[in-house]
Amino acid sequence: MSLNTDLSALFATMADIMDIKGENTFKVLAFRKVGRILADLSFDVRECVKNNTLCEIEGIGPSSQRIIEEYVATGRSSDADSLAQSVPATLLPLLQVEGLGPKTISLLWKERKITNADELKAALEDGSLKGIKTIGDKKLAAIKQGLANRAKSAGRIGIGHALPVAEMFVDLIRKLPGVTHAQYAGSLRRGRETIGDIDIICSVKDPSLSQKIADAFVAFPAVARIIGQGPSKSSIVTASGLQVDLRILPEENFGAALLYFTGSKDHNVKIRGLALKKKMTLNEWGLYNLAEYEKTEKKIAEAPPLKPVASRTEEEIYAKLGLDFIPPELREDRGEIDAALNHKLPRLITQKDLRGDLHSHTTASDGKNSILEMAQAAKALGYEYLAITDHSKSSVIANGLTPDRLIKHIAEIRKAQDKIKGITLLAGSEVDILPDGRLDYEEAILKELDIVIASPHASLKQDAAKANDRMRRAVETRYVNIIGHPTGRLIGGREGLPLDFPPLFKLAAANGTAMEINAGYPRLDLDEFNSRSACEAGVMISIDTDAHSTAELCEIHFGLTVARRAALTAKHVLNCQSLNDLREFLRRKR
DNA sequence: GCCGTTTTCGGCCCGACTGTTTTCAGTCG
């Protein structure tokens with residue numbers, strides 16, 4: 001899929017260059033959008049070129065089509081090349097500097113021949129930037145600060161790291177006097193696997209308290225630096241470099257603000273356009289009648305003084321736009337708005353739909369709890385079944401089981417079953433997929449198990465040919481029910497196997513082999529895009545915690561989020577099936 | 001550059017905050 005990524009980066013770079021050159025903003029936005037579309041594509045863009053279906057993708061027009069086709073054919077784009085010659089490439093990273101935008105960068109380049117961060121730093125030191133119109137002393141100080149902060153900035157961080165920070169802030173804000181609601185929004189609420197910053201919305205009964213709440217927020221102990229502070233919007237940075245934005249609004253505007261700051265940006269643009277078509281306007285304060293809104297005097301940081309069509313809840317606003325409620329995880333402008341208009345949104349999977357967990361470990365290998373303790377914890381979650389799947393012998397570090405130990409372990413699982421009622425224990429194994437695709441146990445052993453997960457743990461830097469052969473062989477192997485964390489990636493740490501998924505999914509569907517969404521952070525493997533295409537190929541998905549303790553058994557949330565972002569419903573998910581249906585599925589590989 | 005059940009031309013989401021300024025431009029989300 002790296003061609004998609006390359007092309008996505010190409011369009012993003014072209015947009016940056018055009019931005020600095022001061023080209024039409026909407027043209028820049030159009031290119032940025034194409035970049036995002038390409039990054040989000042769940043299939044290889046070459047397919048579209050081959051089938052001549054590029055222009056069927058909304059947002060890709062004739063110009064983008066020409067660039068993509070040229071790039072696919074030749075590995076280059078003449079448009080991108082000539083753009084690249086018009087601006088020093090070393091200017092582009094300056095766009096990442098807080099406080100520096102395209103206009104200022106262009107001005108620094110034209111007025112003072114600044115072409116990179118080092119020259120900028122030097123010029124700030126020697127005072128040669130003084131005297132440029134519209135750039136005063138404060139602006140220069142802000143640029144200096146921005147350059148200094150760049151090294152400390154966290155960049156995008158994993159959802160697993162961002163969520164606890166967000167929950168801490170939300171808890172603190174809820175306890176402030178006068179706050180009626182507080183909720184995190186943004187990409188965190190949409191459940192993206194990485195988060196740029198944390199957006200928090202809070203509502204107040206009495207708007208005169210807003211300033212006090214903002215003051216309290218920027219004074220929290222976790223705050224390392226204040227970026228901005230006004231009566232309705234404040235931004236801070238934590239010691240770890242994570243930005244947190246707080247919006248404070250009257251209670252009756254809470255839904256509109258939550259909707260607006262949950263995004264995504266593309267989703268917002270689309271529904272605002274929809275509002276305009278219906279002679280209404282939508283902003284973070286509410287949905288308003290357009291004619292009335294335009295006649296009204298507005299004040300900065302105050303709700304417009306007219307009665308909104310809807311504003312208190314997201315549900316009301318969607319309803320007034322003629323849309324079914326769109327769950328945050330789907331708000332990415334990937335067709336969800338049309339689906340909501342036509343009442344065709346999927347009923348996304350929820351925790352209640354899950355009937356069991358098919359991937360867990362005990363003290364027999366590298367887990368922290370006994371079989372019985374894990375079973376009791378699973379029962380407490382309301383599960384009907386739990387698969388005990390300890391490691392196989394090659395996972396030496398994880399104390400993997402030799403065949404002899406596995407046979408005894410199966411007997412232990414049966415014994416534990418006798419001691420607990422109300423939950424069914426499946427005797428399983430998480431068997432290593434060896435580098436050549438063979439499994440770590442012989443078939444004679446595998447057939448003694450109720451369920452087999454096969455996972456790659458070692459040799460995760462194989463080339464594509466070897467990796468695909470390896471996984472194909474595993475998918476086809478008799479007794480293998482689920483492929484666990486198929487790529488072996490770690491978010492922010494390890495790329496994982498370079499798998500070509502479409503043919504693999506086809507094979508998995510034909511063989512009745514399920515694919516796992518491993519809920520453990522930072523795995524989340526399969527990711528949302530591959531989960532979606534697996535499901536479209538007819539592959540069953542298993543959402544599992546890979547729990548190594550009773551506490552981890554509760555951490556199914558992130559896996560469910562991936563599944564929801566992939567638009568999965570209960571019928572796509574193996575562990576939403578009744579025990580009988582699950583057993584029938586498992587039996588087909590025997 | 002993209003798009004169209006009012007439009008193939010003329011729109012394109014909208015507001016808060018900051019800084020450099022007296023009415024607005026740039027940046028950010």
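A note on names: the letters A, B, ... follow the listed sequences, proteins ahead of strands, and every chain is numbered from 1.
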Side-chain touch [X]/[Y], heavy atoms, less than 4.5 angstrom:
X: S533(A); Y: F43(A); value: no
X: N283(A); Y: R272(A); value: yes
X: R331(A); Y: L259(A); value: yes
X: S264(A); Y: R192(A); value: no
X: R489(A); Y: D527(A); value: yes
X: F558(A); Y: I159(A); value: yes

Between [M] and [N], how far apart are the [atom1] atoms? Round to whole Å, please.
N: dT22(B); M: dG26(B); atom1: P; value: 14 Å
N: dT8(B); M: dT18(B); atom1: C1'; value: 41 Å
N: dT27(B); M: dT20(B); atom1: C1'; value: 14 Å
N: dC9(B); M: dC14(B); atom1: C1'; value: 24 Å
N: dT7(B); M: dC2(B); atom1: C1'; value: 14 Å
N: dT6(B); M: dG11(B); atom1: C1'; value: 13 Å
N: dC12(B); M: dT21(B); atom1: C1'; value: 29 Å
N: dC3(B); M: dC13(B); atom1: P; value: 13 Å

Atom pair distance, as rounded to whole Å: [atom1] in [X] and [atom2] in [N]:
X: L242(A); N: dG29(B); atom1: CG; atom2: P; value: 12 Å
X: E302(A); N: dC17(B); atom1: CD; atom2: P; value: 11 Å
X: D199(A); N: dA16(B); atom1: CG; atom2: P; value: 16 Å
X: E56(A); N: dC3(B); atom1: CD; atom2: P; value: 12 Å
X: Q65(A); N: dC3(B); atom1: CD; atom2: C1'; value: 15 Å
X: R331(A); N: dC13(B); atom1: CZ; atom2: P; value: 19 Å
X: D266(A); N: dC12(B); atom1: CG; atom2: P; value: 17 Å
X: I67(A); N: dG1(B); atom1: CD1; atom2: C1'; value: 9 Å

Out of [options], which nucleotide sits closest to the side chain of [X]?
X: K138(A); options: dC17(B), dT20(B), dC2(B); value: dT20(B)
X: K233(A); options: dC2(B), dC17(B), dC14(B); value: dC17(B)
X: S64(A); options: dC17(B), dG1(B), dC14(B); value: dG1(B)
X: F26(A); options: dG1(B), dA16(B), dG29(B); value: dG1(B)
X: E58(A); options: dC14(B), dC3(B), dC2(B); value: dC3(B)

task: Identify, between D197(A) and K298(A), the residue whose nearest nucleotide on DNA chain B lies closer to the 5' end.
output: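 On the 5' side of the pair lies K298(A).
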- prompt: OP1, OP2 of dA16(B) versus side-chain N and O of W285(A): anything below 4.0 Å?
  reply: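 Answer yes for this pair, as a side-chain N or O of W285(A) is under 4.0 Å from OP1 or OP2.
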task: Indicate whether OP1 or OP2 belonging to dC13(B) is found under 4.0 Å from a side-chain N or O atom of N283(A).
output: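 False: N283(A) side-chain N/O out of range (4.0 Å or more) of dC13(B) OP1/OP2.
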Protein-nucleic acid N or O pairs under 3.5 Å, nucleotides 8-10 of chain B:
none

query: side chain to side chain donor-acceptor pair (under 3.5 Å) with S78(A): which residues, sequence neighbours excluded?
result: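 Once residues adjacent in sequence are excluded, the partners of S78(A) under the side chain to side chain donor-acceptor pair (under 3.5 Å) criterion are E70(A).
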- prompt: For D500(A), what residues pass the side chain to side chain donor-acceptor pair (under 3.5 Å) criterion, not counting sequence neighbours?
  reply: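 Counting only residues at least two positions away or on another chain, D500(A) forms no side chain to side chain donor-acceptor pair (under 3.5 Å).
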- prompt: Using a heavy-atom distance cut-off of less than 4.0 Å, which residues of residues 267-282 of chain A contact DNA chain B?
  reply: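 Per residue number, the list reads V269(A), R272(A), L276(A), K279(A), T281(A), L282(A).
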query: By a strict heavy-atom criterion of less than 4.0 Å, which residues belonging to residues 176-193 of chain A are in contact with DNA chain B?
result: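 Contacting residues: none.
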Matching residue for T180(A) among K205(A), R174(A), E251(A) - test: side-chain hydrogen bond (donor to acceptor under 3.5 Å, both in side chains):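 Checked K205(A), R174(A), E251(A) against T180(A); only one passes side-chain hydrogen bond (donor to acceptor under 3.5 Å, both in side chains): E251(A).
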query: Shortest non-hydrogen contact from S531(A) to V562(A)?
result: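 Nearest pair, atom of S531(A) first, then V562(A): OG-CG1, 4.0 Å.
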task: Please work out if E23(A) contacts a base, only the sugar-phosphate, or nothing of the nucleic acid, heavy-atom cut-off 4.0 Å.
output: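 Contact class for E23(A): none.
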Classify the angle between the aromatic ring planes of [X] and [Y] as parallel (below 30°), tilted (30 to 60°) or perpendicular (above 60°).
X: Y318(A); Y: H267(A); answer: perpendicular
X: F31(A); Y: F11(A); answer: tilted
X: H161(A); Y: Y521(A); answer: perpendicular

query: Any Lys/Arg nitrogen of R565(A) or E332(A) sitting under 4.0 Å from an Asp/Glu carboxylate oxygen of the other?
result: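 Salt bridge flag = yes for E332(A) with R565(A).
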query: So, R523(A) and D525(A), do they make that salt bridge, N to O below 4.0 Å?
result: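 No, this pair does not count.
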- request: Establish whether the base of dG29(B) is bridged to the side chain of Y260(A) by a donor-acceptor pair shorter than 3.5 Å.
  value: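 Yes, a donor-acceptor pair under 3.5 Å.
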task: If dT27(B) has a Watson-Crick or G-U wobble mate with both distances under 3.5 Å, name it; if not, just say none.
output: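 Result: dA16(B).
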Check nucleotides 21-26 of chain B for protein N or O atoms closer than 3.5 Å to its own N or O atoms and list the pairs.
{"from": "dG26(B)", "atom 1": "O3'", "to": "T104(A)", "atom 2": "OG1", "distance (Å)": "3.3"}

message: Here's one to test your reading of the geometry: is the NZ or CZ of R190(A) within 45 degrees of the ring axis of Y184(A) and under 6.0 Å from its centre?
response: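 No, R190(A) does not sit over the ring of Y184(A).
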